Protein chains: 2
Amino acid sequence: MSEDDIADLERLAAHVELPTRAPLFHAGDLARFVYTVTSGTLRLQRDLSDGRRQVIGFAIPGDFIGLSLDETYRFSADALTAVSLCRFDRKDFTSLSHSRQSLLERLHLAATHELTIAQDHMVVLGRRRAEERVAAFVLRWRERLGRINGRSATVGLPMSRQDMADHLGLTIETVSRTMARWMRDRIILDVPGGIRVLDQQRLAAILPD
Amino acid sequence: MSEDDIADLERLAAHVELPTRAPLFHAGDLARFVYTVTSGTLRLQRDLSDGRRQVIGFAIPGDFIGLSLDETYRFSADALTAVSLCRFDRKDFTSLSHSRQSLLERLHLAATHELTIAQDHMVVLGRRRAEERVAAFVLRWRERLGRINGRSATVGLPMSRQDMADHLGLTIETVSRTMARWMRDRIILDVPGGIRVLDQQRLAAILPD
DNA sequence: CTGTGGCCTTGATCAGGATCAAACCGGCGT
DNA sequence: ACGCCGGTTTGATCCTGATCAAGGCCACAG
């Protein structure tokens with residue numbers, strides 16, 4: 001983005017800080033704001049009336065939240081760690097994007113990128129077996145973190161096993177058993193707050209593409 | 001969209017006709033074009049190397065195809081019926097959207113709408129049981145067709161059972177059995193090329209939201 | 001130090017949907 | 001008319017991952 005765009009954005013931005021576990025918004029709330037994450041991790045989820053949950057995704061620094069143009073948010077967003085965000089009033093944001101199409105282009109880019117990720121995840125949910133799902137998650141999460149912090153064998157997992165399960169369409173037990181097996185097989189190592197990938201080769205080999 | 005925009009678009013548009021079963025493009029092809037559907041139905045899918053398939057969605061009149069901004073297409077698109085489309089060279093399209101942000105806005109709207117649909121489908125794939133998945137599909141498909149042709153109890157299903165199965169993360173047998181049961185229970189009626197919804201109430205009741 | 005609660009792991013059993021297998025059906029060409 | 005072929009239905013059995021049920025681990029409070 002250009003200097004001017006950033007300057008204009010700065011003028012509209014409000015800074016928001018959330019502690020661990022705090023909700024940012026709830027599905028159905030009036031969608032007044034758009035956010036970008038500057039630090040921390042959030043969980044995005046949709047809930048069914050009977051308690052079933054689908055974790056749509058996780059948001060990390062650099063991600064937009066709430067760029068869909070509906071009246072209300074279609075999912076809930078909660079902080080998994082302490083989080084800081086830039087908040088924009090959607091009305092201001094929209095009118096600014098009228099005057100500066102470079103901003104709109106950036107939004108559009110973000111939206112189509114999200115869409116591609118969503119379609120990838122459909123394949124995981126629709127056609128992958130349990131072990132493949134967990135492998136896909138670990139590998140992609142590592143990749144995403146790598147684009148921010150630089151590649152590292154140690155992968156932080158701020159979400160609970162339940163969150164992973166609800167992201168992957170599995171139960172907590174299946175996720176736990178799968179990762180326990182990988183630890184026995186020395187594919188990964190348990191480290192506090194995450195895992196260390198010992199054998200990227202074998203992990204990647206679980207996933208036919 | 002404004003008159004001017006449409007005029008500009010007309011100038012760039014090429015008309016494409018596809019017969020039943022013809023491919024529009026294949027995943028991995030260089031993404032030179034963007035399309036909008038003017039008539040017919042297409043199937044969008046991603047394939048795994050071992051033959052597993054995920055049908056990402058179906059495109060019907062009014063839909064854009066290929067608005068993702070990657071170098072190559074990330075899924076394949078095939079005609080399920082005879083199809084006609086408007087084809088735009090992506091380079092022209094992009095430069096036009098620089099000059100006319102209303103076009104870009106429309107694209108962005110389409111993209112975020114697609115994204116919402118994709119997230120809805122994640123819930124179906126991740127957390128719905130077999131019967132709910134089929135019900136979600138029939139109800140949403142009917143809804144979509146209704147927005148084009150007007151609501152009707154008769155729902156055309158141009159896709160095969162295999163396509164539905166691969167869309168819903170099920171097998172063809174499960175889809176078939178589910179619909180057979182609904183026919184026995186007088187919830188739907190088999191008509192050539194589709195079904196007739198006899199009892200919308202009971203169908204909708206299958207789906208907790 | 002000990003109790004408590006949240007999360008995770010591990011084991012035993014169950015079941016929903018997959019897989020395997022066969023029959024059915026309708027359209028089409030000869 | 002007939003046989004063929006692809007898609008679909010139906011039935012029998014199997015298996016992956018869900019469910020049910022304990023137990024373990026650790027951080028934190030008293």
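All values below were derived from every heavy atom in this structure, side-chain atoms included, with hydrogens, water molecules and symmetry-related copies excluded. Just so it is clear, the model here is predicted, and its values are computed rather than measured. Order of the sequence lines fixes the chain letters, A, B, ..., with proteins taken first and strands second; residue numbering starts at 1 for each chain.
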Can you tell me the distance, in whole Å, between the CD1 atom of B:I195 and the P atom of D:dT8?
-> 14 Å
Atom pair distance, as rounded to whole Å: CZ in A:R128 and C1' in D:dT16 | 17 Å
Consider only side-chain N and O atoms of B:T81 and B:T20, and report whether a donor and an acceptor are under 3.5 Å apart.
-> no
Is it true that the side chains of B:T154 and B:R196 contain a donor and an acceptor less than 3.5 Å apart?
-> yes
Between A:R21 and A:R127, which has a closest nucleotide on DNA chain C that is more 5'?
-> A:R21
Between B:R87 and B:F93, is any pair of side-chain heavy atoms under 4.5 Å apart?
-> no
Could you check how far CG of A:L170 sits from P of C:dG16, rounded to whole Å?
-> 18 Å
Are a donor atom and an acceptor atom from the side chains of B:R142 and B:Q200 found within less than 3.5 Å of each other?
-> yes
Do the non-hydrogen side-chain atoms of A:M183 and A:L189 ever get within less than 4.5 Å of each other?
-> no
Polar side chain donor-acceptor pair, B:T174 to B:T171, under 3.5 angstrom | yes
Using heavy atoms and a sub-4.0 Å distance, could you list which residues of residues 171-183 of chain B are near DNA chain D? By number, please.
-> B:E173, B:S176, B:R177, B:A180
Tell me: CG of A:D166 to C1' of D:dA18, nearest whole Å?
-> 13 Å
To the nearest angstrom, how far is A:R129 atom CZ from C:dT19 atom P?
-> 7 Å
Please report, rounded to the nearest Å, how far the P atom of D:dG7 is from the CE atom of B:M164.
-> 14 Å
Side-chain H-bond candidate by donor/acceptor type, B:R127 with A:Q54, under 3.5 Å | no
Scan residues 41-60 of chain B against DNA chain C and write down, sorted by residue number, each residue with any heavy atom closer than 4.0 Å; if none is found, say none.
-> none
Could you note down all residue pairs passing ring-ring contact (aromatic ring centres under 6.0 Å, His included) where residues 151-185 of chain A supplies at least one of them, sequence neighbours left out?
-> A:F58-A:H167, A:H121-A:H167, A:F137-A:H167
Would you say the side chains of A:T72 and A:D70 form a donor-acceptor pair under 3.5 Å?
-> no
In whole angstroms, how far is the P atom of D:dA18 from the CZ atom of A:R161?
-> 16 Å
For the pair made of CZ in A:R133 and P in D:dG17, what is the distance, rounded to whole Å?
-> 8 Å
